[in-house]
Peer 1: 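What follows is a structure written as structure tokens; I'll ask about it next.
What you are looking at is a predicted structure, and each value in this text was computed from that prediction instead of being measured. FYI, the numbering just counts along the sequence from 1. What's counted below: heavy atoms across the whole structure, side chains too, no hydrogens, waters or symmetry copies.
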Amino acid sequence: MYLKNVLFTFIIVTGFFGASELILASMGVTPVLLTDDPFVGFAENVPQFVETTAADGSVILKTANNKRGLFNYQEFPREKAGNSYRIFCMGGSTTYGRPYYDKVSFCGWLREYLKAADPLRDWEVINAGGISFASYRVAKLMAELKHYQPDLFIVYSGQNEFLEERSYGALADLPAWLINLNAALSGTRIYTAMKNVIDAVQPGSLQQAKQHYKLGGEVEEVLNYTIGPESYRRDDALKHQIITHYRLNLMRMVRIARSADADIVFVQPAINIKDMSPFKSEHRDGLDEQAQQDWEALYLRATVLQEAGNLPEALLVFQQARDIDDRYAELHYRIGQVLFSLGRYDEAEKSFRQAVEEDVAPLRMLGSMQQTVADIAASEDVPLIDFPGIIRDAYLQQHDHAVFGKEYFPDHVHTNMEGYRLLGLALFDHLASRGIVLPDTSWNSARIDAVNETVIAGLDPAAEGHTAMNLGKVLDWAGKFEESYDQFKRALDILGPNPVVYDRLARSSYGLGRYGEAMQYLREIQHIAPEIPGVHSRMAMIYEKQGKTDEAIEHCQAELQIKSDDNHVHAALANLLVKKCDDEAAFAHYNTA
């Protein structure tokens, strides 16, 4: 009898809520999860694509001019043709194709395979990957793109979650189960209707809270305002909140895609663990001064042993340091290096991954986030492309290990051209397995090789130099100045004397503290293009660092001859004049600034 009553109650409640959802749908109520991020707001809505009229009078959507610094230029017709299949590739700079560009991104490879295998269909593969775009920005962009007749969204997202500084305010104090419940309810119209009523009675309650963590319309990376990742601090609570937010955004993406009757595919991201050291390490909380001194003595001794090639003893001493403090990311990385050199690959992989987990500046996807992708894909019945598995198989065909590093990753997260090709081919195979693409009878490995050769042959001869520049910029931005310097030198060898390359070499040299070298590169810029603004002001910065105030003043004044309204230079000159006790002149420049 009890079970019968429970079942009867369940049927009534389910029926009531089901009927309510249908009624609210007929009234045009849209679930809040499709339109709103419960964690962050955005200061402005900047469209990704803008309309233009083609010569034949048709409407074309093209990448907005102000977006082309972060996105590949793309265009497609506003109205999709009858035989078109429209795919939007979503995500961050890996989707973009860094350190390359769209043509050899996984989107570009997929586009070429589709056109070659099934040429009778109009394949529109649109690369909507944005440099430094985190999942909340990807979801927001999807909310725009769902209006452009998508058939499929391919999502590769998760490397940029910690790039932008943000706070979750009062929401940070909520337990994870309550946040997850809120996310689930946000996908219903009943919840949305109730929220609208509450907001009407008590207006601005949630919106006022959101003002405290409203993001700009464009990306504002922490690293853009610092020399490397120095401003990052360990914050385990914030890390948990960011990962929870990431989970919610993946759920939002699924809801947004399905609201447009489009399919969605997730790609499990992969990272370089072997050949990219942690970006920032910190000791564990509560480590007293004596323990830290003991740790540093052991770490220094082990490092000397490692560099001398005495690996077994180095490993033992590193492990002793780990017993004192197991949260210092660089220590785990060093242990991984020693284990790898000893051929103990499985143990090395674990240590390298632990180094990623303990990195205070988590610019690579964490293991818990990779698990989140798998969990959401399973719970939402979304296909998941196992990119780490694809790379692992490729490793084992050519190497005696599968510890991800420079063989397929030129930097911390972006793969090389072959990695992008393998992912593009895997996505093609997925679409073929679902009957979306119907390859003609001649499609085989020889045809695939022909596509590969055509793509490579179509690359600009200077592409390798531009690739080195892009790679150097990524490494420079992440505070890896030695590595970025090497890439800029490579770009100089390929592209020849170039003010842009010299500028980048000067920046990397400055980051390394090699001021004389930085000054030489700035002089090279002056020799080629003496009127380029900013060179004299950077020379002034170097002279000030060296304590040469008179020379610094001279270069600030020279800079103002080129650009008289540069407020930063006026302020810098004022500071220098104060050192010379010329307060009257300093005051004038402060006023101008």
Peer 1: Using a distance-only test with no angle check, is there a side-chain donor-acceptor pair under 3.5 angstrom linking Asn310 and Glu313?
Peer 2: yes
Peer 1: Under 3.5 Å, side chain of Thr415 to main-chain N/O of Tyr408, donor-acceptor pair present?
Peer 2: yes
Peer 1: Would you kindly check if the NZ (Lys) or CZ (Arg) of Arg514 is within the cone defined by 45 degrees around the ring axis of Tyr485 and under 6.0 Å from the six-membered ring centre?
Peer 2: yes
Peer 1: Any side-chain to backbone donor/acceptor pair from Arg252 onto Ala139? Under 3.5 Å, distance only.
Peer 2: no
Peer 1: Start with the C-alpha distance between Tyr521 and Arg504, add both sets of side-chain angles, then the distance that settles side-chain contact (heavy atoms from CB on, under 4.5 Å), and finish with yes or no.
Peer 2: CA-CA 9 Å; Tyr521 287 125; Arg504 285 293 172 174; over 6 Å; no
Peer 1: Check whether any side-chain heavy atom of Arg327 lies under 4.5 Å from a side-chain heavy atom of His283, and answer yes or no.
Peer 2: no
Peer 1: Rounded to the nearest 0.5 Å, how far apart are CD of Gln520 and OH of Tyr502?
Peer 2: 9.0 Å
Peer 1: Inspect the contact between Asp493 and Lys489 and indicate whether a charged nitrogen and a carboxylate oxygen are less than 4.0 angstrom apart.
Peer 2: no
Peer 1: Would you sort out whether Thr94 and Val267 count as a side-chain contact (heavy atoms from CB on, under 4.5 Å), showing the intermediate values?
Peer 2: CA-CA 11 Å; Thr94 303; Val267 178; over 6 Å; no
Peer 1: Of all heavy-atom pairs between Tyr101 and Asp460, which one has the smallest distance, and what is that distance?
Peer 2: OH-N, 4.3 Å
Peer 1: Other residues, nucleotides and ligands only: do more than 12 of their heavy atoms fall within 6.0 Å of CG on Asp346?
Peer 2: no
Peer 1: Between Arg392 and Asp386, is there a salt bridge with N-O shorter than 4.0 Å?
Peer 2: no
Peer 1: So, Gln397 versus Asp393: side-chain donor-acceptor pair below 3.5 Å or not?
Peer 2: no
Peer 1: Would you call Asp411 and Asn272 a side-chain contact if the rule is heavy atoms closer than 4.5 Å?
Peer 2: no
Peer 1: Is the shortest side-chain heavy-atom distance between Asp325 and Leu331 below 4.5 Å?
Peer 2: no
Peer 1: Consider ring pair (Phe, Tyr, Trp, His ring centres under 6.0 Å). Of Tyr345, Phe387, Tyr395, Phe340, which one does Phe404 pass it with?
Peer 2: Tyr395
Peer 1: Any cation-pi pair here, Arg98 with Tyr96, using under 6.0 Å and within 45°?
Peer 2: yes
Peer 1: Apply side-chain hydrogen bond (donor to acceptor under 3.5 Å, both in side chains) to the pair Asp323 and Gln319, showing each step before the final yes or no.
Peer 2: CA-CA 6 Å; Asp323 291 340; Gln319 289 170 336; over 6 Å; no
Peer 1: Would one find more than 12 heavy atoms of other residues, nucleotides or ligands at under 6.0 Å from atom NZ of Lys350?
Peer 2: no
Peer 1: Of all the heavy-atom pairs spanning Gly424 and Leu110, show the shortest one and how long it is.
Peer 2: O-CD1, 3.8 Å
Peer 1: Between Trp295 and Tyr328, is the ring centroid distance below 6.0 Å?
Peer 2: yes
Peer 1: Where the side chain of Asn127 meets the backbone of Gln74, is there a donor-acceptor pair that is under 3.5 Å apart?
Peer 2: no
Peer 1: Counting distance only, does the side-chain N/O of Asn249 pair as donor-acceptor with the main-chain N or O of His245 below 3.5 Å?
Peer 2: yes
Peer 1: Can you confirm if the aromatic rings of Phe352 and His332 lie within a centre distance of less than 6.0 Å?
Peer 2: no
Peer 1: To the nearest 0.5 angstrom, please state how far the CG atom of Leu431 sits from the CG atom of Leu152.
Peer 2: 6.0 Å
Peer 1: Taking the side chain as every heavy atom from C-beta outward, state whether Met519 and Arg538 have any pair of such atoms under 4.5 Å apart.
Peer 2: no
Peer 1: Got Lys473 and Asn470 here, is their nearest side-chain heavy-atom distance under 4.5 Å?
Peer 2: yes
Peer 1: Between Arg284 (side chain only) and Ile324 (backbone N and O only), is there a donor and an acceptor less than 3.5 Å apart?
Peer 2: yes
Peer 1: Evaluate Thr454 against Val451 for side-chain contact (heavy atoms from CB on, under 4.5 Å), listing each step before the verdict.
Peer 2: CA-CA 5 Å; Thr454 300; Val451 172; 5.7 Å; no
Peer 1: For the pair Lys480 and Glu482, find out whether any cationic side-chain nitrogen is under 4.0 Å from an anionic carboxylate oxygen.
Peer 2: no
Peer 1: Roughly how far apart are His466 NE2 and Leu459 CG, rounded to 0.5 Å?
Peer 2: 11.5 Å
Peer 1: Side-chain contact, heavy-atom cut-off 4.5 Å: Ile376 with Leu384?
Peer 2: no
Peer 1: May I ask you to say whether Lys103 pairs ionically with Glu112, meaning some side-chain N is under 4.0 Å from a carboxylate O?
Peer 2: no
Peer 1: Is the Tyr100 ring parallel, tilted or perpendicular to the Tyr420 ring (thresholds 30°, 60°)?
Peer 2: perpendicular
Peer 1: Taking the side chain as C-beta and beyond, is there a heavy-atom pair between Met276 and Leu475 under 4.5 Å?
Peer 2: yes
Peer 1: So, Gln337 and Gln306: side-chain donor and acceptor under 3.5 Å apart, yes or no?
Peer 2: yes
Peer 1: Which atoms form the tightest heavy-atom contact between Phe266 and Met253, and what is the distance?
Peer 2: CE2-SD, 4.4 Å
Peer 1: Side chains of Arg421 and Tyr113 only: does a donor on one sit below 3.5 Å from an acceptor on the other?
Peer 2: yes
Peer 1: Are Met365 and Glu161 packed together at the side-chain level, in the sense that at least one heavy-atom pair is separated by less than 4.5 angstrom?
Peer 2: no
Peer 1: Can you find a side-chain donor-acceptor pair between Asp294 and Gln290 that sits under 3.5 Å?
Peer 2: yes
Peer 1: Which heavy-atom pair separates Pro388 from Gln268 by the least distance, and what is that distance?
Peer 2: CD-O, 3.0 Å
Peer 1: In plain terms, say whether Asp359 and Lys280 are close enough for a salt bridge, that is, a side-chain N and a carboxylate O under 4.0 Å apart.
Peer 2: no
Peer 1: Whether the Ser508 and Ser484 side chains hold a donor-acceptor pair (N or O, under 3.5 Å, no angle test) is what I'd like checked.
Peer 2: yes
Peer 1: With a 4.0 Å cut-off, would you call Glu407 and Lys274 a salt bridge?
Peer 2: yes
Peer 1: So, taking the atom named OH in Tyr510 and the one named CZ in Phe481, what distance separates them when rounded to the nearest 0.5 Å?
Peer 2: 10.5 Å
Peer 1: Rounded to the nearest 0.5 Å, what separates atom OG in Ser135 from atom CG in Asn160?
Peer 2: 9.0 Å
Peer 1: May I ask you to check whether His414 and Phe409 place their ring centers less than 6.0 Å from one another?
Peer 2: no
Peer 1: Can you see whether Gln487 engages Arg490 through a side-chain donor-acceptor pair at a distance of less than 3.5 angstrom?
Peer 2: yes
Peer 1: Just checking, any donor-acceptor pair under 3.5 angstrom between side chains of Thr63 and Gln48?
Peer 2: no
Peer 1: For Ser281 and Glu330, indicate whether the former's side chain and the latter's backbone hold a donor-acceptor pair under 3.5 Å.
Peer 2: yes
Peer 1: Say you draw a straight line from CD1 of Ile448 to CZ of Phe428; how long is it, rounded to the nearest 0.5 Å?
Peer 2: 7.0 Å
Peer 1: Under a 4.0 Å N-O cut-off, is there an ion pair linking Glu544 with Lys548?
Peer 2: no
Peer 1: So does Glu357 pair up with Lys239, basic N to acidic O under 4.0 Å?
Peer 2: no
Peer 1: Please say whether more than 12 non-hydrogen atoms of neighbouring residues, nucleotides or ligands are located less than 6.0 Å from NE2 in His399.
Peer 2: yes
Peer 1: Using every non-hydrogen atom in the two residues, find where Gly336 and Ala348 come nearest and quote the distance to one decimal.
Peer 2: O-CB, 3.5 Å
Peer 1: Has the side chain of Tyr246 got a donor or acceptor atom that lies under 3.5 Å from a matching backbone atom of Ser157?
Peer 2: yes
Peer 1: Does Gln398, at its CD atom, have more than 12 non-hydrogen atoms belonging to other residues, nucleotides or ligands within less than 6.0 Å?
Peer 2: yes
Peer 1: Which atom pair, heavy atoms only, marks the closest approach of Leu363 to Tyr232?
Peer 2: CD2-OH, 3.8 Å
Peer 1: Are the ring centres of Phe279 and His412 closer than 6.0 Å?
Peer 2: yes
